[in-house]
Structure formats: C-alpha cells, structure tokens
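Report on the structure given below.
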Amino acid sequence: QVQLVESGGGLVQPGESLRLSCVASGIAFNGRTMGWYRQVPGKERELVAGISGGGSTNYADSVKGRFTISRDNAKNTVYLQMSSLKPEDTAVYYCKAESRGTWLPYWGQGTQVTVSA
C-alpha cells in the first residue's frame, strides 16, 4: 500500500524558515511528479509547488522566490524549504503523488504550519 508521510511543520515567527519533508513508500518514486499543497479551513486546497521526475519545478505566485521544492530519489523524499514565512502561509501542508498514466494520485495526511508572532 502507498504511504506519504509529512513532517517538519510547526509554529514559527514571521520571517523565519521551515523545511517540510515527505517520505513516500509503496510507489515507484523516481519518475513520479510530486507536489506540495496547502489548505486553510473554509478555502480550496491550492498547489504550492510541484516537481517532476526530471526535476522541473513550478510554484504558486504567492510563494515564488521564498519557497523551494526539491527531491532526493535515493531517499524517496520530497522537500519544501520555506523561507521568509508570512502569517498568510499558515495552513495544513499536504504532500501529493500526482497521477501518472493509470496510477492514482495519493495524498499524505498533512502537517500544520503556523506563522504567528
């Protein structure tokens, strides 16, 4: 069975940094596009950053220049380095293995990030 396990969330002050990790198991990780999403209560879940199996990345405009997505295929892990955090970055952050061919998408359970003074 597929598992995506996020870690690294927590409470930080504005301007500080945090790194999230997502460890995948039960899938062929290396060629799989992975993404980080976030959700605030009452709002739609939104894409924060994505990275393809080949290393191409894309970011939401709201985080461009502050967040960096990366992957370590040897560890089956995708990371989200978050810098210059703002209160509006507060959300539950979810890791996702995107669909590929007939393979279904999979979601992690999420990790809370709170940015507050």
Side-chain angles (χ1 to χ4, degrees):
Q1 95 289 349
V2 176
Q3 286 191 328
L4 302 177
V5 181
E6 302 102 330
S7 63
L11 173 64
V12 296
Q13 295 184 343
E16 294 185 342
S17 298
L18 210 56
R19 188 171 87 155
L20 307 182
S21 299
C22 171
V23 180
S25 61
I27 62 170
F29 180 82
N30 290 10
R32 195 77 170 262
T33 295
M34 304 293 296
W36 284 100
Y37 294 71
R38 67 187 181 188
Q39 188 169 28
V40 176
K43 295 185 178 180
E44 281 272 303
R45 189 171 298 184
E46 65 173 351
L47 175 68
V48 176
I51 184 167
S52 74
S56 298
T57 60
N58 64 286
Y59 299 91
D61 287 343
S62 59
V63 308
K64 196 172 299 181
R66 299 187 298 120
F67 290 11
T68 302
I69 188 171
S70 62
R71 65 194 298 157
D72 185 341
N73 288 341
K75 297 181 178 180
N76 280 14
T77 301
V78 61
Y79 304 97
L80 185 67
Q81 176 66 49
M82 304 183 292
S83 300
S84 301
L85 282 162
K86 305 174 180 180
E88 48 263 50
D89 295 318
T90 296
V92 178
Y93 284 72
Y94 297 90
C95 179
K96 183 187 180 186
E98 305 286 358
S99 61
R100 183 180 184 180
T102 61
W103 294 347
L104 297 172
Y106 293 96
W107 292 92
Q109 289 300 303
T111 184
Q112 177 72 47
V113 172
T114 302
V115 185
S116 176

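Basis for what follows: all heavy atoms, side chains included, without hydrogens, waters or symmetry-related copies.
Residue Phe29 holds its CZ atom at 8.0 Å from CG of Asp72, rounded to the nearest 0.5 Å. Going from atom CE of Met34 over to atom CG of Asn73 covers 10.0 Å, rounded to the nearest 0.5 Å. Note that the CZ atom of Phe67 and the OG atom of Ser62 stand 7.5 Å from one another [nearest 0.5 Å]. Here the OG atom belonging to Ser25 is positioned 7.5 Å from the CG atom belonging to Leu4, to the nearest 0.5 angstrom. A distance of 10.5 Å separates CG of Asp89 from CG of Leu18, quoted to the nearest 0.5 Å. Atom-to-atom distance recorded for Ile51:CD1 and Thr68:OG1 is 10.0 Å, nearest 0.5 angstrom.
A distance-only check finds no donor-acceptor pair linking the side chain of Ser99 to the backbone of Pro105 [under 3.5 Å]. Remark: side-chain polar atoms of Arg71 are not paired, donor with acceptor, to backbone N or O of Thr33 under 3.5 angstrom.
Counting heavy-atom neighbours within 6.0 Å of Gln109 CD, excluding the residue itself, gives a total of 12 or less. For Glu44, the CD atom is loosely surrounded, since the number of other residues' heavy atoms within 6.0 Å does not exceed 12.
Counting heavy atoms from C-beta on, the side chains of Arg38 and Glu46 come closer than 4.5 Å. Leu20 places a side-chain heavy atom less than 4.5 Å from the side chain of Met82.
Here the shortest heavy-atom pairing between Val78 and Cys95 reads CG1-SG, 3.7 Å. Contact between Tyr59 and Ala49 at its shortest, heavy atoms only, is CD2-CB, 3.6 Å. Annotation for Ser17 and Ser84: closest pair OG-N, 4.3 Å, computed over non-hydrogen atoms. Between Pro14 and Ala117, the closest heavy-atom pair is CD-N, 3.7 Å. Here the closest heavy-atom approach between residue Tyr93 and residue Glu6 is recorded as O-OE2, 4.0 Å. The minimum heavy-atom distance between Gln39 and Lys43, with the atom names listed, is NE2-O, 3.2 Å.
Cluster annotation: Val63 and Val115 are assigned to the same hydrophobic cluster (Ile/Leu/Val/Met/Phe/Trp/Tyr, side-chain heavy-atom contacts under 4.5 Å, transitive). Residues Ile27 and Leu104 are members of one and the same hydrophobic cluster, defined by side-chain heavy-atom contacts under 4.5 angstrom among Ile, Leu, Val, Met, Phe, Trp and Tyr. Under the 4.5 Å side-chain heavy-atom criterion for grouping Ile, Leu, Val, Met, Phe, Trp and Tyr, Leu47 is connected to Tyr94 within one hydrophobic cluster. Hydrophobic clustering keeps Trp103 apart from Trp107 (ILVMFWY residues linked when any side-chain heavy atoms are closer than 4.5 Å, directly or through intermediates). Tracing side-chain contacts under 4.5 Å through hydrophobic residues (I, L, V, M, F, W, Y), one never reaches Val92 starting from Ile69; they form parts of separate clusters.
Ion pairing between Lys64 and Asp61 holds under the 4.0 Å rule for side-chain N and carboxylate O. Between Arg100 and Glu98, none of the side-chain N atoms (NZ, or NE/NH1/NH2) sits under 4.0 Å from a carboxylate O, so this pair counts as no salt bridge.
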Exercise for the section: Could you give me the CA-CA distance, side-chain angles and deciding distance for Val113 and Leu11, then say whether side chain to side chain contact (heavy atoms under 4.5 Å, CB included) is met? Expected result: CA-CA 6 Å; Val113 172; Leu11 173 64; over 6 Å; no
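In this structure, Arg32 is not positioned above the aromatic face of Tyr106 in the sense of NZ or CZ being under 6.0 Å from the six-membered ring centre and within 45° of the axis.
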